[in-house]
Amino acid sequence: MATSIGALIAESAISPRETTMLLERILNTSRASISAHPERFLDAQQEHLARAWIQRRVGGEPMAYILGEREFYGVKLIVTPDVLIPRPETETLVEQALARLSKQYAPNAARVIDLGTGSGAIAISLAEQRPALDIVATDISAKALAVAKKNATKLGVHIAFIESDWFSQLANERFDLIVSNPPYVAHGDPHLSQGDLRYEPITALTDNAPNQQGLACIRRIIEDAPHHLNGEGWLLFEHGYDQALACRKLLAARGFVELMCEPDLAGIPRVSGGCWPAPGRI
Ligand code: GLN
């Protein structure tokens, strides 16, 4: 006896919302159509896949990895367990970057680099919004870069991808804007073994450095950024909920000016940065 959409949602061990998301994908249809026709029957293959995906979700696997995609800044990105799942708070970083790009530069002229691009979320959003930007995106993980490249190709944006441990492969290249969502969860933070984070690449989440409060990568980026910024260029990065003050101090100590900190949509200080006053002052 075949199962209807409504029956599957009713008996599902995960929420109706998540079950519906899985069905949207399996049936290649909209949420509206699913709720309008709960009496529709699934064929054997669809039902088998739906039950298998529900089981994976019951086991704790993130929805984004089961579906193989996540929406970020209005575009659907391919995500695999090789990349961090893009999060809404990172959209704040994209917005801050776009705001500076319009203020500071003729939109065509700016060179931008996204360090540790993962799925490519930040670089691709900037490229989508400002197609004329000259954008470089790096990651230390070749597997992550492969996902980012697929996303760039799928969305038809041009980005130069470089496999690099932060700035190490960038010689003397300079940029007008450096953006990054680096790993900033502190070594041993209990959240690393909870929820979705258990399934994400550990190197995308934490510096794994004891006694650094999760700031090891942020320190390194702040230290090296002036060697790669044009005069009046900006460094903007995402950080943890309790790291804003420490980041401000690090930026000030390195000589950045116009220090800024922007809260995410939940009101948590999330994006910090500063302007590098002039070239040659390093
Ligand atoms: N915002 C993520 C989290 O706490 C961490 C991402 C990161 O380290 N850049 O779940």
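From a predicted model like this one, the values you see are computed outputs, not experimental measurements. Throughout, residue positions are numbered sequentially from 1 according to the sequence presented.
Rounded to the nearest 0.5 angstrom, I124 CD1 and I135 CD1 are separated by 9.5 Å. Remark: I222 CD1 to S180 OG distance equals 10.5 Å, nearest 0.5 Å. Separating the CG atom in D196 from the CD atom in Q194 is a distance of 11.5 Å, to the nearest 0.5 Å. Atom CG in L250 sits 9.5 Å away from atom CD in E223 (nearest 0.5 Å). Atoms NE2 and CG, from H227 and N172 in turn, are 10.0 Å apart once rounded to the nearest 0.5 Å. Between T90 atom OG1 and N181 atom CG the span is 4.5 Å, to the nearest 0.5 Å.
When the salt bridge (Lys or Arg N to Asp or Glu O under 4.0 Å) test is applied to R219, no partner is found at least two apart in sequence or on another chain. Shown here are the salt bridge (Lys or Arg N to Asp or Glu O under 4.0 Å) partners of E47, two or more places apart in sequence or in another chain: R51. Taking the ring-ring contact (aromatic ring centres under 6.0 Å, His included) definition, one finds that F256 meets it with W276, sequence neighbours left out. In this view, E61 and R56 satisfy the salt bridge (Lys or Arg N to Asp or Glu O under 4.0 Å) rule, not counting sequence neighbours. Partners of R198 under the salt bridge (Lys or Arg N to Asp or Glu O under 4.0 Å) rule, at least two apart in sequence or in another chain, do not exist in this structure.
V58 forms part of a hydrophobic cluster together with I5, L8, I9, I14, M21, L22, L23, I26, L27, I34, L42, L49, W53, I54, M63, I66, L67, judged by ILVMFWY side-chain heavy-atom separations under 4.5 Å.
Taken together through direct or relayed side-chain contacts under 4.5 Å among Ile, Leu, Val, Met, Phe, Trp and Tyr, V75 and V94 form part of one hydrophobic cluster. Hydrophobic clustering (side-chain heavy atoms under 4.5 Å, transitive across Ile, Leu, Val, Met, Phe, Trp, Tyr) groups V185 together with I202. The hydrophobic cluster containing L236 also contains Y73, counting ILVMFWY residues as joined when their side-chain heavy atoms lie under 4.5 angstrom apart, directly or transitively. If you chain together hydrophobic residues whose side chains sit under 4.5 Å apart, L98 and V271 fall into the same group. The hydrophobic cluster containing I122 also contains V112, counting ILVMFWY residues as joined when their side-chain heavy atoms lie under 4.5 angstrom apart, directly or transitively.
A salt bridge (charged side-chain N to carboxylate O under 4.0 Å, His left out) check over residues 177-195, counting only residues at least two apart or in different chains, returns nothing. Among residue pairs with one or both ends in residues 263-272, those qualifying as salt bridge (charged side-chain N to carboxylate O under 4.0 Å, His left out) are D264-R270; sequence neighbours excluded. Residues in residues 33-44 take part in these side-chain hydrogen bond (donor to acceptor under 3.5 Å, both in side chains) pairs, two or more places apart or across chains: T29-S33, H37-E39. Among residue pairs with one or both ends in residues 135-144, none qualify as salt bridge (charged side-chain N to carboxylate O under 4.0 Å, His left out); sequence neighbours excluded. Residue pairs meeting the side-chain hydrogen bond (donor to acceptor under 3.5 Å, both in side chains) criterion with at least one member in residues 112-128, sequence neighbours excluded: D114-T117.
The minimum heavy-atom distance between P210 and N208, with the atom names listed, is CD-O, 3.7 Å. Closest heavy-atom contact between V79 and A64: CG2-O, 3.3 Å. Of all heavy-atom pairs between S272 and C261, the closest is OG-SG, 3.5 Å. Considering all non-hydrogen atoms of both residues, F237 and P182 come closest at CB-CD, 4.5 Å. Shortest non-hydrogen contact noted between L192 and G188 is CD1-N, 4.2 Å. Taking each heavy atom of F41 and A2 in turn, the nearest pair found is CE2-O, 3.6 Å.
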Dump the intermediate steps for side-chain hydrogen bond (donor to acceptor under 3.5 Å, both in side chains) on S12 and T19, then the final yes or no. CA-CA 7 Å; S12 172; T19 309; 2.8 Å; yes
Verdict with reasoning, H228 to F167, per ring pair (Phe, Tyr, Trp, His ring centres under 6.0 Å): CA-CA 8 Å; H228 298 279; F167 291 107; 4.5 Å; yes
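Residues H239 and I268 fail the side-chain proximity criterion, which asks for heavy atoms closer than 4.5 Å. With a 4.5 Å cut-off on side-chain heavy atoms, Y65 and E200 count as touching. Put simply, the side chain of R254 reaches to within 4.5 Å of the side chain of P226, judged on heavy atoms. Counting heavy atoms from C-beta on, the side chains of R130 and L101 come closer than 4.5 Å. In this structure the side chain of D82 never reaches within 4.5 angstrom of the side chain of P201, judged on heavy atoms.
Listed for the E95 side chain is no donor-acceptor partner under 3.5 Å among the backbone atoms of T92. Within the 3.5 Å criterion, the main-chain N or O of S164 finds no donor-acceptor partner in the side chain of S168. Remark: the backbone N or O of L215 is paired with a side-chain donor or acceptor of D207 at under 3.5 angstrom. Checking side-chain atoms of R70 against main-chain N and O of I85 turns up no donor-acceptor pair under 3.5 Å. At least one donor-acceptor pair under 3.5 Å links the side chain of N151 to the backbone N or O of I78. Looking only at distances, a side-chain donor or acceptor of Q243 sits under 3.5 Å from a matching main-chain atom of Y184.
For Y241, the OH atom sits in a loose shell: 12 or fewer heavy atoms of surrounding residues, nucleotides or ligands are nearer than 6.0 Å.
Ion pairing between R111 and D134 holds under the 4.0 Å rule for side-chain N and carboxylate O. A salt bridge does not link E238 to R87: none of the charged nitrogens lies less than 4.0 Å from a carboxylate oxygen.
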Which donor-acceptor pairs under 3.5 Å do side chains of residues 152-162 form with protein atoms, sequence neighbours excluded?
residue: T153; atom: OG1; partner: K149; partner atom: O; Å: 2.8
residue: K154; atom: NZ; partner: K76; partner atom: O; Å: 3.0

